[in-house]
Amino acid sequence: MLKSLLESRHLPPLPEENPRQTMLSLLAREVYGVSPAAPDAIHAHIESDEPAFGGKARLRRIRISFDTPAIPFSFPYMLLTPADGRAHPAFAAINFEPAIPHKYLPAEEIIDHGYALACLYYQDITSDSGEWDGLAMCYPRNENTGWGKIGMWAFALSRVMDDLQTRPEIDGKRICVTGHSRLGKTALWCAAQDERFSMAVSNDSGCAGAALARGNTGERVRNIVTRFPYWFCGNYAAWADREAEMPFDQHMLLALLAPRRLYVSSAREDAWAHPENEFLSCVAASDAWRACGLEGLSTPDSMPQDLSPLHRGHIGYHIRPFGHFFSRTDWLMHMAYRDMHRV
Ligand code: GTR
């Protein structure tokens with residue numbers, strides 16, 4: 001059943017020659033734009049440091065700065081760590097709001113599960129608009145292949161990763177980047193490029209995220225490049241209504257996580273993000289894990305029922321009831337998967 005469903009999408013196969021470089025350059029050139037090289041060094045300054053949640057955690061505001069071809073750039077992020085002095089695995093979460101916790105971010109529960117939490121508010125990097133501000137002003141602009149805002153937010157997450165690697169409270173080998181919706185797209189593109197992340201979570205990321213473009217009856221390339229052209233490089237717009245001709249599809253973004261861990265979560269009523277295509281994308285990407293002798297998605301021959309997570313393989317997946325939201329239910333599943341695989 002899954003085989004015929006997948007065949008109906010007519011996907012380009014994953015490249016066999018030099019797969020990682022081939023897929024990275026395709027997606028950079030055609031979708032997200034080419035990111036600049038990492039800065040030679042970053043500087044981190046702790047702006048505040050206080051007890052949180054009655055003292056069981058510690059919350060620090062850390063400002064990261066680095067040189068760019070224009071002016072030095074800096075941004076803050078918040079680091080919440082259990083206060084027991086031990087090294088903990090972490091989530092690097094890119095968020096729609098600066099507040100901790102907030103409706104998408106059950107911070108106390110995350111701490112209670114033994115995970116540290118690095119929180120980046122996305123508009124501290126550049127606005128979610130066509131305005132070329134913040135980090136966007138720091139690098140030369142290329143209309144066709146220059147990075148869009150997803151690329152900029154992803155780049156900032158990698159700078160947070162630079163800092164996390166230096167912190168004794170963090171287990172630097174177990175850092176998972178996570179985000180919801182447009183920020184789920186961002187988390188995937190970040191981890192695709194930056195192999196220091198041991199795992200990525202995409203929650204309801206949909207079009208230009210986890211979901212295949214071919215056969216997508218929710219958001220199409222035309223919709224997204226019309227409403228949000230600035231998330232992408234200029235070249236992406238050329239694929240509007242031409243999905244069938246694209247030399248790539250979103251399973252390649254997922255495949256770039258191999259042989260590391262990936263988790264994709266969908267919401268049943270989120271037709272715009274197209275759960276079936278998010279799931280099928282995981283099925284198609286599994287070839288990349290197979291090529292490494294590993295199991296990608298471990299699934300029966302059909303889409304799972306609500307709240308019946310697929311946690312066995314290197315790709316975790318669940319679908320839950322209701323709509324577009326980063327729910328506590330999703331977080332609990334993501335943490336269950338991480339606990340199970342110690343990733
Ligand atoms: C929608 C957009 C989606 C998704 C969503 C979100 O308007 O069409 O691709 O990213 O926003 O970020 O909530």
Side-chain angles (χ1 to χ4, degrees), residues 27 30-33 92-99 102-105 119-131 147-157 177-192 200-237 239-241 243 246 248-254 263-282 319-320 322-331 334:
L27 293 172
E30 303 296 341
V31 185
Y32 307 101
I94 181 154
N95 302 302
F96 286 94
E97 292 177 37
H102 64 82
K103 65 177 182 188
Y104 289 163
L105 192 72
C119 298
L120 178 64
Y121 169 54
Y122 78 136
Q123 299 206 62
D124 277 335
I125 307 308
T126 181
S127 66
D128 192 356
S129 74
E131 207 62 52
W147 58 354
K149 299 236 165 164
I150 287 177
M152 297 176 204
W153 297 323
F155 182 87
L157 281 164
V177 60
T178 182
H180 168 65
S181 205
R182 68 198 67 182
L183 301 179
K185 311 181 209 296
T186 302
L188 289 172
W189 180 233
C190 168
V201 166
S202 143
N203 194 69
D204 304 351
S205 66
C207 176
L212 298 172
R214 286 166 171 84
N216 194 317
T217 54
E219 185 171 32
R220 311 286 309 272
V221 176
R222 159 160 310 284
N223 304 119
I224 206 164
V225 297
T226 306
R227 281 178 71 199
F228 305 108
Y230 48 85
W231 287 353
F232 306 101
C233 67
N235 282 346
Y236 193 40
W239 300 110
D241 299 327
E243 282 93 342
M246 299 186 321
F248 61 91
D249 208 317
Q250 296 306 122
H251 62 316
M252 293 188 184
L253 179 64
L254 303 189
Y263 199 112
V264 173
S265 36
S266 308
R268 186 62 71 178
E269 291 168 18
D270 192 5
W272 192 240
H274 210 288
E276 184 176 86
N277 267 23
E278 293 185 320
F279 175 74
L280 285 179
S281 190
C282 296
I319 180 164
R320 58 155 176 82
F322 307 113
H324 192 68
F325 187 70
F326 201 165
S327 155
R328 185 180 155 275
T329 310
D330 299 311
W331 279 100
H334 302 155

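One-based numbering, in listed order, for ligands and for the atoms of each.
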Could you check atom 13 (O) of ligand 1 against the protein and tell me its nearest heavy-atom contact, residue, atom and distance included?
S181 OG, 2.8 Å
Is there side-chain contact between H324 and S181, with heavy atoms separated by less than 4.5 Å?
yes
W231 heavy atom under 4.0 Å from ligand 1
yes
Could you tell me, atom by atom, which parts of ligand 1 come under 4.0 Å of a heavy atom of K185?
3 (C), 4 (C), 9 (O), 10 (O)
Suppose we measure from atom 11 (O) of ligand 1 to each protein heavy atom; which comes out shortest, and what is that distance?
R182 NH2, 2.9 Å
Test salt bridge (Lys or Arg N to Asp or Glu O under 4.0 Å) applied to R182 and D128, step by step:
CA-CA 10 Å; R182 68 198 67 182; D128 192 356; 2.7 Å; yes
Strictly under 6.0 Å, is that where the ring centroids of W147 and F232 end up?
no
Can you tell me which residue and heavy atom of the protein come closest to atom 3 (C) of ligand 1, and the distance to 0.1 Å?
E219 OE1, 3.2 Å
Give me the atom names and distance for the closest heavy-atom approach of A208 to Y32.
O-OH, 2.7 Å
Beyond-backbone contact of Y104 with E97, side-chain heavy atoms, under 4.5 angstrom
no
So the atoms of ligand 1 within less than 4.0 Å of a heavy atom of R227 turn out to be 7 (O), 8 (O)
Would you mind running through ligand 1 and noting each atom that sits below 4.0 Å from a heavy atom of H324?
6 (C), 13 (O)
With heavy atoms and a 4.0 Å threshold, my read on which part of N223 contacts ligand 1 is neither
Report the relative orientation of the aromatic rings in H334 and Y263; use parallel for angles under 30°, tilted for 30 to 60°, perpendicular for over 60°.
perpendicular
Indicate yes or no for a side-chain donor-acceptor contact from S281 to the backbone of A211 under 3.5 Å, with no hydrogens or angles considered.
no
Find all atoms of ligand 1 within a distance of less than 4.0 Å from any non-hydrogen atom belonging to I224, and give their numbers and elements.
9 (O)
F228 heavy atoms within 4.0 Å reach ligand 1 at atoms 2 (C), 7 (O), 8 (O)
